[in-house]
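Lettering follows sequence order; numbering is per chain, from 1.
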2 protein chains.
Amino acid sequence: MLLSEKQLSLIEQIGIYHESNGMQPAPARIMGLLMVADSAELTFDEITEALNISKSATSNAINLLLQTNLIEYTTFSGDRKRYFKLKISSWREGFTRKIDDLTGFAVLLRQVSEIRKRENSSSNEDLKDCIGFLDFLHKKLPFILEEWDNRKA
Amino acid sequence: MLLSEKQLSLIEQIGIYHESNGMQPAPARIMGLLMVADSAELTFDEITEALNISKSATSNAINLLLQTNLIEYTTFSGDRKRYFKLKISSWREGFTRKIDDLTGFAVLLRQVSEIRKRENSSSNEDLKDCIGFLDFLHKKLPFILEEWDNRKA
DNA sequence: CCGTTAGTTCATAATTTACAGAACCAAAAT
DNA sequence: ATTTTGGTTCTGTAAATTATGAACTAACGG
């Protein structure tokens, strides 16, 4: 597989994006590669070669991405190779996960709200405010997705 | 300053949350401490002692948090100490930053869309879809915040 | 002007992470 | 039956990240 300068650059940028969201470098690059490659489906060896990483790095990274539901693979009878591709639904899941992450934080904030001793402090209001917004957002999310689906249709 | 078991536990949990969002351990704990402490405003030394970290760790962490606008401080005349507290607006900023982050990703995806050679592939549709959603979301954000403000009032 | 307070900066030590390379393994091909 | 393919697993290690402690500084206080 031959990658253009632009492709390589985008792989890095996408990689850095995912790194900044907590992903390890190798899996992050694989996400980039599967995104920009001319083919939607790549084999283990194609990934290893394209990114110039070791087989062990590829193995670990791929298994991590499979576990976190970001990629999947198909096989063809009479061909032992697995063909990896991005999971179509992953961007949608990724978005909801981002919001769910906030919701998890709201759970913590609620606990803080219960135990915190700050009589007549404005920070109590701020905290309730923040929790309220996170709740609001969580309830709103399905409607936002629905609105998007309707808009498309 | 004396912290209860529950407070210490919440500091850790909040710390881990912020770490998972890319923050370093020490600043992440400080965020937790300022959240759960009985007083909303803590001095440099109180932070150092409460978290059992060195002065340099405190110094670096505090400056990082100040730079990223997550905390602020007040002073009192005749008192050289700074009193650090969470920035009230920071949760709101934090949220918009999270969305802006997605928008930045959309910029990358647009570049992918331009150069990617995948004739008659369904993944092209998926990509356009994803970009479209991110745009939709970005435009929607101000209205969501507005709706929240109105709901409160 | 000497000591104390409230930090900052620097060198370095301690972890942690992430990867490479080699050994390994099971299924299929020869 | 043994070789090849398509990986996985297991150290070892280089690099990056974080924290420490000591030295430093600037401002104020007596």
Side-chain angles (χ1 to χ4, degrees), chain A residues 1 8 11-12 14-34 39 41-68 70-85, chain B residues 1 8 11-12 14-34 39 41-68 70-85:
Chain A
M1 184 182 9
L8 289 171
I11 289 170
E12 282 309 305
I14 293 171
I16 286 169
Y17 172 80
H18 282 113
E19 275 190 72
S20 78
N21 277 268
M23 194 180 288
Q24 293 162 351
R29 298 303 178 283
I30 292 179
M31 290 297 287
L33 176 62
L34 291 177
S39 165
E41 298 178 343
L42 300 179
T43 66
F44 188 100
D45 280 337
E46 284 174 327
I47 293 170
T48 301
E49 282 161 32
L51 297 179
N52 250 308
I53 58 182
S54 67
K55 289 211 298 174
S56 52
T58 306
S59 178
N60 288 326
I62 280 180
N63 288 322
L64 189 144
L65 293 173
L66 286 171
Q67 276 168 37
T68 52
L70 291 169
I71 66 171
E72 62 189 340
Y73 64 86
T74 45
T75 51
F76 302 96
S77 65
D79 183 352
R80 269 206 288 155
K81 285 181 192 119
R82 289 180 293 175
Y83 292 81
F84 299 96
K85 63 176 170 188
Chain B
M1 184 183 8
L8 289 171
I11 289 170
E12 281 310 303
I14 293 171
I16 286 170
Y17 172 80
H18 281 114
E19 274 189 73
S20 79
N21 278 269
M23 194 180 288
Q24 292 162 352
R29 297 303 177 285
I30 293 179
M31 291 296 287
L33 176 62
L34 291 176
S39 164
E41 298 178 342
L42 300 179
T43 66
F44 188 99
D45 279 336
E46 285 174 326
I47 292 169
T48 300
E49 282 160 32
L51 297 179
N52 251 307
I53 57 181
S54 65
K55 289 210 301 174
S56 48
T58 305
S59 177
N60 288 326
I62 279 180
N63 288 323
L64 189 144
L65 293 172
L66 286 171
Q67 277 170 33
T68 51
L70 291 169
I71 65 171
E72 61 189 340
Y73 63 86
T74 44
T75 51
F76 302 95
S77 66
D79 182 353
R80 265 206 289 157
K81 285 182 189 110
R82 290 181 291 175
Y83 293 80
F84 298 97
K85 62 175 172 189

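As a whole-Å value, the separation of A/His18 NE2 from C/dA18 C1' is 18 Å. Rounded to whole Å, the distance from CG on B/Asp79 to C1' on C/dG7 is 13 Å. Rounded to whole Å, atom P of D/dG7 lies 13 Å from atom CG of A/Leu42. Taking atom CG of A/Leu66 as the reference point, atom C1' of D/dT8 lies 13 Å away to the nearest angstrom. Counting to the nearest Å, the P atom of D/dG7 and the CD atom of A/Glu49 are 13 Å from each other. Rounded to whole Å, the distance from CZ on B/Arg29 to C1' on D/dA19 is 13 Å. In this structure, B/Asn63 atom CG and C/dA6 atom P are separated by 17 Å, rounded to whole Å. For A/Ile47 and D/dG7, the CD1 to C1' distance is 12 Å, given to the nearest whole Å.
Nucleic acid contact for A/Ala57: sugar-phosphate only, since backbone atoms but no base atoms lie under 4.0 Å from a heavy atom of the residue.
Aromatic ring centres of A/Phe44 and A/Phe84: separated by at least 6.0 Å.
Phosphate proximity of C/dC19 to A/Asn60: absent, as no side-chain N or O sits under 4.0 Å from OP1 or OP2. Side-chain nitrogen and oxygen atoms of B/Arg80 include none within less than 4.0 Å of the OP1 or OP2 phosphate oxygen of C/dG7. One finds a side-chain N or O of B/Arg82 lying less than 4.0 angstrom from the OP1 or OP2 phosphate oxygen of C/dG7.
In terms of polar N and O atoms assigned as donor or acceptor, the side chain of A/Ser59 never comes within less than 3.5 Å of the base of D/dG7 in a complementary pairing. Side-chain atoms of A/Ser54 stay outside donor-acceptor range of the base of C/dG21, with no qualifying N/O pair under 3.5 Å.
Among the nucleotides D/dA22, C/dA18, D/dT8, the one closest to the side chain of B/Ser56 is D/dA22. Residue B/Ile53 places its side chain closer to D/dT20 than to any other of D/dT18, D/dT20, C/dA28. With C/dG7, D/dT18, D/dT4 as the choices, the nucleotide that has an atom nearest any side-chain atom of B/Lys81 turns out to be C/dG7. Candidate nucleotides C/dT9, D/dG6, C/dT8 were compared by shortest atom distance to the side chain of A/Asp45, and D/dG6 ranks first.
Taking for each of A/Lys55 and B/Gln24 the nucleotide of DNA chain D with the nearest heavy atom, the 5'-most of the two is the partner of A/Lys55. Comparing A/Asn52 and A/Gly78 against DNA chain C, the residue whose closest nucleotide sits nearer the 5' end is A/Asn52.
Annotation: the span from A/Leu33 atom CG to A/Glu46 atom CD amounts to 9.0 Å, rounded to 0.5 Å.
A salt bridge links B/Arg29 to B/Glu19: one of the charged nitrogens lies within less than 4.0 Å of a carboxylate oxygen.
For the pair A/Asn21 (side chain) and A/Tyr17 (backbone), a donor-acceptor distance under 3.5 Å is present. Although no hydrogens or angles enter the test, the distance criterion places no donor-acceptor pair under 3.5 Å between the side chain of A/Ser59 and the main chain of A/Lys55.
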